[in-house]
Amino acid sequence: MIRGSSSRIARTRVGPSNSRTATRGMADRPIIAANKNFVPIRTNLRGSALLNTPRLNKGAGFSREERQIFGLEGFLPYDVHSLEKQALRAYNQLLKQPSVILKHAFLASLRDQNQVLFYKIMQDHLKELLGVLYTPGAAEAVANYSNLFRRPVGCYISFPNQDGMRAQLEGHLLDVNRTADVAYDSNNPHDAIDLVVVTDAEAILGIGDQGVGGITISTSKAALYTLGAGINPNRILPVVLDCGTDNHALFSDSLYMGWKRTRIRGKNYDQFVDRFIQNCRELYPNAIIHFEDFGMANAYRLMEKYKDIPMFNDDIQGTGAVALAALIAAIKVSGARLADQRIVIYGAGSAGMGIADQIKDGLMILEGLSEEEASRRFWCVDRNGLLVESMGNNLRHAQLPYARPDAEVEDWAKSEGDNDGVWLMDVVKNVKPTVLIGTSTHSRAFSEDLIREMGKHVERPIIFPMSNPTALCEVDPADALHWTENRALVATGSPFPPVELGGGKQYTVAQTNNALIYPALGLGAILARSRTISNSMLMAGVNSLASLSPALTNPEASLLPDLADVRNVSVEVAAAVCRQAVADGNAQDENTIKVVQGKGSLPLEEYIRSRMWDAVYRPLELVD
Ligand SMILES: NC(=O)c1ccc[n+]([C@@H]2O[C@H](COP(=O)([O-])OP(=O)(O)OC[C@H]3O[C@@H](n4cnc5c(N)ncnc54)[C@H](O)[C@@H]3O)[C@@H](O)[C@H]2O)c1
Ligand SMILES: O=C(O)C[C@H](O)C(=O)O
Ligand SMILES: [Mn+2]
């Protein structure tokens, strides 16, 4: 039974007179908080209970009147402070934290005290703080989760407790209906969650199995949805599926907080995940599901298994999409054609194969190549060297289309001693790639020799070392530029400072991170209430993002827009995704369909902006 959201619908028509934003009627799903309406949030909490509810707490920002009504006067220092003043204080405190991990912990605890204030300082200092909250800062926070733990956040679904899974997920629905501005329709408390971000933590970033600490990747990705695409944070559920861990360091840590067993596999795992998905579908029928940092074998299997529901895998599809957008921009700068690229992918895992699949789709859709022709543009190198057909059963399903015929490499001159495999240098020497992508987690794998060898054969080598976090990046962008006499077009997964090129010139390194596209992909799919997230929706997002590349107008500029500008980027990309969902017949939201068809009161981009959540305090109303 879901309770706790009674009669909020009655208030949906209250709003400022100048409101041209969406009102919260039945016809207009409350996907993103229509916060610009300033409809009061009804709560029965008072005193410290209110101050300890981060979704509602305003701390020193509570007005005189609110302090009276909610019995807060004896709980707060006298002066009332604006959100701006509170943000200044919080930011000054943050600056005093001596390390990235302590800054991350500070931000997390701010979020757990006052959600609006957290998003306010993140928004105001996005460029600086993304690297703390998200990549690379999140990696350290995940790895140290059990040692730094202060309070739980998000949803923990643990294998040994799975009999209670439905009640656990229902508990989150109840909780959010009680403590946030989500339930606009008291008749449908299930329409409170737009998005589930779930990890099983087997392959976190490039740092592997992190057990229950994976919750921090879900909460960081969730925060980026709010910051990057204005999705109401209260309508997002970050989840970790605790399936045990094969990370022995966690096992032997007496403070480890997860389930101390080796990972469940096979049927047990599949049933556990399926139970989770089915419960989500029933309890949160309108939510899309974002899969994050699953191990490769499960990631691909689950993506296939659930392709008919609105889900996507960020490491495979989000990463593929952002890489293709950067590549489209890079080849425009280099003056070449996509169809003429020879692409080497180093690290044939989820991200590497996701990138290959997405570029392959691009070659087929944009250049008219057949699937076979498109697949031949790739050479993929993994731990055992170049993927070749004779590897047979040792190849993963997703790798099969890219395996090269053995005959091709028979005559290759080998440079790296042993003849058991064909290594990256051999591939670069013989293939003379135009594009080199790193998704290997192999730090500094793109050596000086390798980059110089690549640079010998191509005028504008395209080099994307995409492994995260920073320490695992395949090559420092400054080195890649230096070793190619500044001819390389470089993009990285983690943030890097601009590279000084001499003569007063700088090269801005595009952060080719899926964070530049997944928030908008989610936003578009949610607004459209899309039945599935199709390849054509992904491709629409890619084309839209590529069209925003600063390098299109200035060949010396970054290949992709700055991640700090993600909110504006998201409006354009989400619009493209929405349009495609409607064109595909995938969209189910009547309002959005009308807007896309030009029958709404706003153009699509403005409509999207009007639905985005901002970090502002909403009025509260006391109910008994
Ligand atoms: N920039 C982005 O948006 C983005 C997105 C997703 C993943 N990534 C990064 O890509 C990396 C890989 O992530 P994933 O999810 O694909 O992981 P994964 O485990 O699925 O894939 C990694 C692959 O690299 C291979 N590999 C490892 N060491 C190697 C070596 N020394 N030589 C050759 N191959 C090697 C592994 O065998 C595996 O196939 C991570 O660092 C991750 O952070 C970046
Ligand atoms: O989390 C990131 O920074 C991107 C990506 O999803 C990754 O796994 O590295
Ligand atoms: Mn990831």
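Note that the structure is a prediction, hence the values are computed from the model and not measured. Each ligand, and each atom within it, is numbered from 1 in the order the structure gives.
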In terms of atom number and element, which parts of ligand 1 are under 4.0 angstrom from non-hydrogen atoms of [X]?
| X | result |
| --- | --- |
| Arg396 | 39 (O) |
| Gly206 | 40 (C), 41 (O), 42 (C), 43 (O) |
| Met296 | 20 (O) |
| Gly493 | 1 (N) |
| Leu205 | 40 (C), 42 (C), 43 (O) |

Protein residue, atom and distance nearest to [atom], heavy-atom basis:
| atom | result |
| --- | --- |
| atom 5 (C) of ligand 2 | Asn514 ND2, 3.4 Å |
| atom 21 (O) of ligand 1 | Gly349 CA, 3.2 Å |
| atom 3 (O) of ligand 1 | Asn514 N, 2.8 Å |
| atom 31 (N) of ligand 1 | His442 ND1, 3.2 Å |
| atom 39 (O) of ligand 1 | Asp382 OD1, 2.7 Å |
| atom 3 (O) of ligand 2 | Thr135 OG1, 2.2 Å |
| atom 44 (C) of ligand 1 | Met466 O, 3.1 Å |
| atom 9 (O) of ligand 2 | Asn468 ND2, 2.8 Å |
| atom 14 (P) of ligand 1 | Ala351 N, 3.9 Å |
| atom 15 (O) of ligand 1 | Ser350 CB, 3.8 Å |
| atom 5 (C) of ligand 1 | Thr319 OG1, 2.9 Å |

Would you mind naming the N, O or S atom of [X] nearest to the Mn ion (ligand 3)?
| X | value |
| --- | --- |
| Asp315 | OD1 |
| Glu292 | OE2 |
| Asp293 | OD1 |

Testing the basics here: between [X] and [Y], what is the closest heavy-atom pair and its distance to 0.1 Å?
| X | Y | result |
| --- | --- | --- |
| Thr219 | Thr216 | OG1-O, 3.2 Å |
| Ala525 | Val577 | N-CG1, 4.0 Å |
| Leu559 | Val490 | CD1-O, 4.2 Å |
| Thr434 | Gln341 | OG1-OE1, 2.8 Å |
| Pro433 | Met454 | O-CE, 3.6 Å |
| Asp382 | Ala348 | OD1-N, 2.6 Å |

Side chains of [X] and [Y] in contact at under 4.5 Å (non-hydrogen atoms):
| X | Y | answer |
| --- | --- | --- |
| Met303 | Phe291 | no |
| Met539 | Asp361 | yes |
| Trp379 | Leu386 | yes |
| Thr135 | Leu205 | yes |

Location of contacts on [X] toward ligand 1, heavy atoms closer than 4.0 Å:
| X | value |
| --- | --- |
| Gln511 | neither |
| Asp293 | neither |
| Arg383 | both |
| Ala348 | backbone |

task = Please indicate, with yes or no, if any protein heavy atom is found under 4.0 Å from atom 19 (O) of ligand 1?
result = no

task = Please check if a non-hydrogen protein atom sits closer than 4.0 Å to atom 1 (N) of ligand 1.
result = yes

key: Proximal atoms of ligand 2 relative to Asn513 (non-hydrogen, under 4.0 Å)   = 2 (C), 3 (O), 4 (C)

task = Just jot down the ligand 2 atoms closer than 4.0 angstrom to any heavy atom of Tyr134, in number order.
result = 1 (O), 2 (C), 3 (O), 4 (C)

task = Only heavy atoms count here, so choose which of Asp314, Asp315, Thr441 is nearest to atom 8 (O) of ligand 2.
result = Asp315

key: Option whose closest heavy atom lies nearest to atom 12 (C) of ligand 1, chosen from Ile345, Thr439, Ile517, Ile355   = Thr439

Under 4.0 Å, heavy-atom basis, I'd like to know which part of [X] is in contact with ligand 2: side chain, backbone, both or neither.
| X | value |
| --- | --- |
| Leu205 | both |
| Ile204 | neither |
| Thr319 | neither |

ask   = What distance do Cys155 atom SG and Phe276 atom CZ have between them, rounded to the nearest 0.5 Å?
value = 6.5 Å

inquiry  = Check for me whether Lys221 has a heavy atom closer than 4.0 Å to any atom of ligand 2.
reply    = yes

Between [Y] and [X], is there a salt bridge with N-O shorter than 4.0 Å?
| X | Y | answer |
| --- | --- | --- |
| Arg265 | Asp246 | yes |
| Arg444 | Asp479 | no |
| Glu304 | Lys307 | yes |
| Asp562 | Lys127 | yes |

query = Is atom NE2 of His482 surrounded by more than 12 heavy atoms (other residues, nucleotides or ligands) closer than 6.0 Å?
reply = no

query = Between Gln399 and ligand 1, is there a nitrogen or oxygen pair with a distance under 3.5 Å?
reply = no

Just to check, does [X] reach to within less than 4.0 Å of ligand 1 when the distance is taken from its heavy atoms?
| X | result |
| --- | --- |
| Leu472 | no |
| Met353 | no |
| Ser440 | yes |

inquiry  = In terms of relative ring orientation, are His290 and Tyr225 parallel, tilted or perpendicular, with 30° and 60° separating the classes?
reply    = perpendicular

inquiry  = Parallel, tilted or perpendicular: which one describes the rings of Tyr346 and His442, with boundaries at 30° and 60°?
reply    = tilted

query = How far apart are the C-alpha atoms of Ile264 and Phe272, what are their side-chain angles, what is the distance that settles it, and do they pass the side chain to side chain contact (heavy atoms under 4.5 Å, CB included) test?
reply = CA-CA 9 Å; Ile264 49 159; Phe272 180 53; 4.0 Å; yes

query = Within less than 2.8 Å of the Mn ion (ligand 3), any N, O or S from Asp314?
reply = no

query = Stepwise, does the ring pair (Phe, Tyr, Trp, His ring centres under 6.0 Å) test hold for His397 with Tyr300?
reply = CA-CA 9 Å; His397 188 71; Tyr300 268 94; 8.5 Å; no

key: Audit row: Leu227, Val566, side chain to side chain contact (heavy atoms under 4.5 Å, CB included) steps and yes/no   = CA-CA 8 Å; Leu227 292 161; Val566 57; 5.9 Å; no

